[in-house]
Protein chains: 2
Amino acid sequence: MKYGPGWEPRAVDWSSTRGRILLSASVLFAQRGYFGTSTRDIAEAVAIRQPSLFHHFQAKHEIFRALVELDLGPSIDRMNQRLAEESNWAEKLHLAIAWDVHEFLVQPFDARGLYQDAVLGLAEFEAEREAIALFHRQVESVVDGGHRAGEFVSFEPSFVQRAINGVLFETLREQGGPSGRVRRERPLQAADFVVRSLLVDQVRLADVREATRGRLGDLESSTLA
Amino acid sequence: MKYGPGWEPRAVDWSSTRGRILLSASVLFAQRGYFGTSTRDIAEAVAIRQPSLFHHFQAKHEIFRALVELDLGPSIDRMNQRLAEESNWAEKLHLAIAWDVHEFLVQPFDARGLYQDAVLGLAEFEAEREAIALFHRQVESVVDGGHRAGEFVSFEPSFVQRAINGVLFETLREQGGPSGRVRRERPLQAADFVVRSLLVDQVRLADVREATRGRLGDLESSTLA
DNA sequence: GTCTATACCCAGATAGAC
DNA sequence: GTCTATCTGGGTATAGAC
């Protein structure tokens with residue numbers, strides 16, 4: 001099964017024609033939407049002729065599918081790591097949110113056009129809908145775990161999962177895309193906003209934030225090394 | 001200026017052809033998106049021929065525009081009332097969120113397809129983009145007011161406005177449309193989630209919620225009368 | 001792997017009869 | 001106010017040469 005434990009999309013050479021198609025398409029999907037972007041638009045952005053696209057992807061929807069995999073796969077994988085590692089629930093949730101926002105800010109493509117109900121509702125995207133549902137269940141299980149452990153107040157988990165989704169999406173939507181001005185505080189702010197609302201004892205937020213800051217800091221230094 | 005103080009869209013007779021076009025279009029826009037919905041689809045849903053649509057609306061985008069007005073106009077108007085009336089900032093924000101969610105749940109059309117960047121980015125929707133920006137400024141001013149008054153913690157107001165937007169959208173997106181099963185708790189839950197995150201003194205949340213519950217309760221009884 | 005040429009379909013909108 | 005007929009443009013995708 002796709003998007004199973006340990007699964008990762010294969011690496012992309014962003015300078016290859018295939019990689020440049022994915023990059024350009026992601027930007028256009030984010031600006032004008034999937035339906036608002038024609039294969040001619042994508043081809044023009046890559047400076048090839050429109051039929052040449054079909055040498056690299058069997059159909060327009062395969063481009064979209066590849067982008068969803070690249071964005072969602074690692075996110076699901078990270079959440080599996082959060083669920084498996086030893087930490088309290090507030091730390092798991094805080095780090096998961098902050099890391100997702102962080103990853104979005106540093107990845108080369110623009111994921112803002114990928115999660116539209118009207119697009120994902122198409123028959124050919126059933127696998128992607130299921131993957132999204134899986135991610136939602138992961139989030140819900142963290143919220144539920146935190147509640148059972150007495151760390152979180154008793155909001156309805158399915159509602160909280162929605163709210164987290166909303167905060168995540170809007171935080172991402174704000175960005176001008178990967179080329180835009182990066183707001184380095186956003187990962188922690190988004191995580192703070194959600195976790196502060198959930199925590200029974202809000203004094204804990206400062207410690208939880210420091211734990212996340214440490215983990216994300218390690219990440220940045222290892223990437224630079 | 002459109003969407004100014006006291007402005008309201010004119011009432012719609014939902015049984016007229018024009019009203020039925022708006023209703024059907026809203027449902028289709030929500031399911032398949034603006035670009036994924038053809039004028040033929042809308043006409044079929046209303047059981048008229050496609051060219052007949054153009055007797056009621058000059059163009060496809062005028063249908064969309066009318067729906068945005070119907071959804072956004074009253075929302076902006078309510079926020080002006082919140083800003084003008086005497087109450088503390090937490091009550092203003094809590095009531096505004098709860099009322100918006102409530103209104104969405106009871107209005108006859110489906111507003112979920114209306115706030116898509118790819119659609120609103122079209123040249124013909126400049127007025128709608130400005131109205132949305134106005135609404136965002138209203139929300140931000142409440143957040144900022146609450147912070148200056150010492151009611152809210154010091155999150156960056158522009159970020160909080162985004163987060164609120166996200167929670168609102170996702171709460172609405174969850175619903176199966178006006179025909180779907182209504183979740184009566186959602187208005188208070190959405191408002192609670194946001195205000196709990198912002199409040200310096202979270203003990204106040206219970207009182208704030210009761211104030212909102214009273215105001216929304218009055219609303220329902222007056223509608224039924 | 002990229003090209004030209006083109007098939008085929010469906011979109012939004014208009015003309016003009018009834 | 002609704003209809004039939006039709007215009008015009010643009011969409012995805014394929015065939016086959018280079």
Side-chain angles (χ1 to χ4, degrees), chain A residues 10 12-68 113-114 116 118-125 128, chain B residues 10 12-68 113-114 116 118-125 128:
Chain A
R10 71 170 186 279
V12 174
D13 172 4
W14 298 110
S15 67
S16 70
T17 303
R18 184 188 145 92
R20 293 189 304 124
I21 290 170
L22 288 170
L23 282 180
S24 296
S26 77
V27 172
L28 289 166
F29 290 161
Q31 283 174 354
R32 311 186 207 163
Y34 179 76
F35 294 116
T37 301
S38 71
T39 53
R40 285 183 226 274
D41 295 334
I42 300 170
E44 190 183 9
V46 185
I48 57 176
R49 303 291 169 176
Q50 179 259 356
S52 303
L53 281 183
F54 292 84
H55 176 77
H56 301 274
F57 295 91
Q58 284 197 336
K60 183 189 176 187
H61 67 248
E62 294 292 347
I63 303 176
F64 187 87
R65 199 196 298 272
L67 287 168
V68 173
L114 303 180
Q116 304 289 340
V119 181
L120 291 162
L122 298 177
E124 53 262 43
F125 294 128
E128 285 66 38
Chain B
R10 69 169 188 278
V12 174
D13 173 4
W14 298 110
S15 67
S16 69
T17 303
R18 183 189 145 89
R20 292 189 305 123
I21 289 169
L22 288 170
L23 282 180
S24 295
S26 78
V27 173
L28 289 166
F29 290 160
Q31 284 174 354
R32 309 185 210 163
Y34 179 75
F35 294 115
T37 301
S38 70
T39 53
R40 288 175 168 83
D41 294 334
I42 300 169
E44 190 183 10
V46 185
I48 57 176
R49 304 291 169 176
Q50 179 258 358
S52 303
L53 281 182
F54 292 85
H55 177 77
H56 301 276
F57 295 91
Q58 285 198 334
K60 182 190 177 186
H61 67 250
E62 295 292 346
I63 302 176
F64 187 87
R65 199 196 297 274
L67 287 167
V68 173
L114 302 180
Q116 304 289 340
V119 182
L120 291 162
L122 297 178
E124 53 263 41
F125 294 128
E128 285 66 38

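The figures that follow rest on heavy atoms only: side chains count, while hydrogens, waters and symmetry mates do not. Lettering of chains follows the sequences in order, A, B, ..., and the numbering in each one begins at 1.
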Under 4.0 Å between a side-chain N or O of B:His55 and OP1 or OP2 of D:dT2?
-> no

From NE2 of B:His61 across to P of C:dA11 the rounded distance in Å is 18 Å

Side-chain donor/acceptor of A:Arg20 to backbone N/O of A:Ala47, under 3.5 Å | no

Would you mind reporting whether B:Leu122 and B:Phe35 have side-chain heavy atoms less than 4.5 Å apart?
-> yes

Closest of D:dA13, C:dC3, D:dA5 to the A:Gln50 side chain is D:dA13

Enclosure of A:Glu44 CD (heavy-atom neighbours >12, cutoff 6.0 Å) = no

In whole angstrom, give the distance that lies between atom CD1 of A:Ile63 and atom P of D:dA13.
-> 9 Å

Validation row: B:Tyr34, B:Ile63 side chains within 4.5 angstrom (heavy atoms) | no

Run through B:Ile42, B:Val27, B:Leu67 and flag the one making a side-chain contact (heavy atoms from CB on, under 4.5 Å) with B:Leu22.
-> B:Leu67

N/O (side chain, A:Ser52) to phosphate O (OP1/OP2, C:dT4) under 4.0 Å | no

Could you state the CZ-C1' distance from B:Phe54 to D:dT6, rounded to the nearest angstrom?
-> 14 Å

Using whole Å, report how far CG of B:Asp41 lies from P of C:dG12.
-> 8 Å

Can a side chain N or O of A:Ser38 be found less than 4.0 Å away from OP1 or OP2 on D:dG11?
-> yes

Could you say whether B:Thr17 or B:Pro51 is positioned toward the 5' end of DNA chain D, judged by the nucleotide with the nearest heavy atom to each?
-> B:Thr17

Interatomic distance where CD belongs to B:Glu62 and C1' belongs to C:dG12 [whole Å] = 14 Å

With a non-hydrogen cut-off below 4.0 angstrom, is A:Thr37 in contact with a base, only sugar-phosphate, or nothing?
-> sugar-phosphate

With the side chain of B:Ile48 defined as its heavy atoms from C-beta on, choose the nearest nucleotide among C:dA13, D:dC3, C:dG12.
-> D:dC3

Rounded to whole angstroms, how far apart are CZ on B:Arg32 and P on C:dC10?
-> 13 Å

For B:Arg49 and D:dT4, give me the distance from atom CZ to atom C1', rounded to whole Å.
-> 9 Å

Any N or O donor-acceptor pair linking the side chain of A:Arg40 to the base of D:dG10 at under 3.5 Å?
-> no

How long is the line joining CZ of A:Phe35 and C1' of C:dG12, in whole Å?
-> 17 Å

Residue A:His56, side-chain atoms from C-beta onward, closest of C:dG1, D:dT12, C:dA13 | C:dG1

